[in-house]
J.: 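Would you mind keeping the following structure in view while I ask a few things?
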Amino acid sequence: DLNARLHRYASDRGLIWVDYYTAMDAGDGSMRSEYTKDGVHPTPEGYDVMERIVLPALAHYCPAAAKGIRGSEKSPSWGDFFIPEVVFHE
């Protein structure tokens with residue numbers, strides 16, 4: 001599966017893997033309904049889940065991220081991270 005291949009890719013290169021899929025999966029490969037209105041794009045609640053997952057990875061590289069993306073004065077440089085989108089299927 002694509003998520004497993006991306007995880008291996010990150011691990012093989014010493015990158016931190018950010019796993020949104022596990023927290024947001026409905027069990028059938030789709031995104032849980034409380035985190036999306038259209039099955040693809042996260043709702044604010046979905047982004048809150050994603051933020052809680054990604055902040056520890058960002059804080060490893062960018063201490064300002066430990067405060068929270070919305071709470072920091074300066075956004076991290078996103079080009080420094082390998083954070084692929086999660087792949088959900090129908």
J.: Does the ring of Y9 carry R13 above it, NZ/CZ under 6.0 angstrom from centre and within 45° of its axis?
T.: yes

J.: Side chain to side chain donor-acceptor pair (under 3.5 Å) with T22: which residues, sequence neighbours excluded?
T.: D19

J.: Indicate yes or no for a side-chain donor-acceptor contact from S11 to the backbone of H7 under 3.5 Å, with no hydrogens or angles considered.
T.: yes

J.: Which pair of non-hydrogen atoms, one from Y35 and one from M24, has the smallest distance, and what is that distance?
T.: CB-CE, 3.8 Å

J.: Run the side chain to side chain donor-acceptor pair (under 3.5 Å) test against T43 and tell me which residues pass, sequence neighbours left out.
T.: E45

J.: Nearest 0.5 Å, please: how far is CE in M31 from OH in Y20?
T.: 11.5 Å

J.: Checking E34 now: which residues fulfil salt bridge (charged side-chain N to carboxylate O under 4.0 Å, His left out) with it, not counting sequence neighbours?
T.: R32

J.: Using every non-hydrogen atom in the two residues, find where W17 and A10 come nearest and quote the distance to one decimal.
T.: CE3-CB, 4.1 Å

J.: Closest approach of D25 and S30, non-hydrogen atoms and distance?
T.: OD1-O, 3.3 Å

J.: Mind checking what makes side chain to side chain donor-acceptor pair (under 3.5 Å) contact with D38, not counting sequence neighbours?
T.: T36, H41

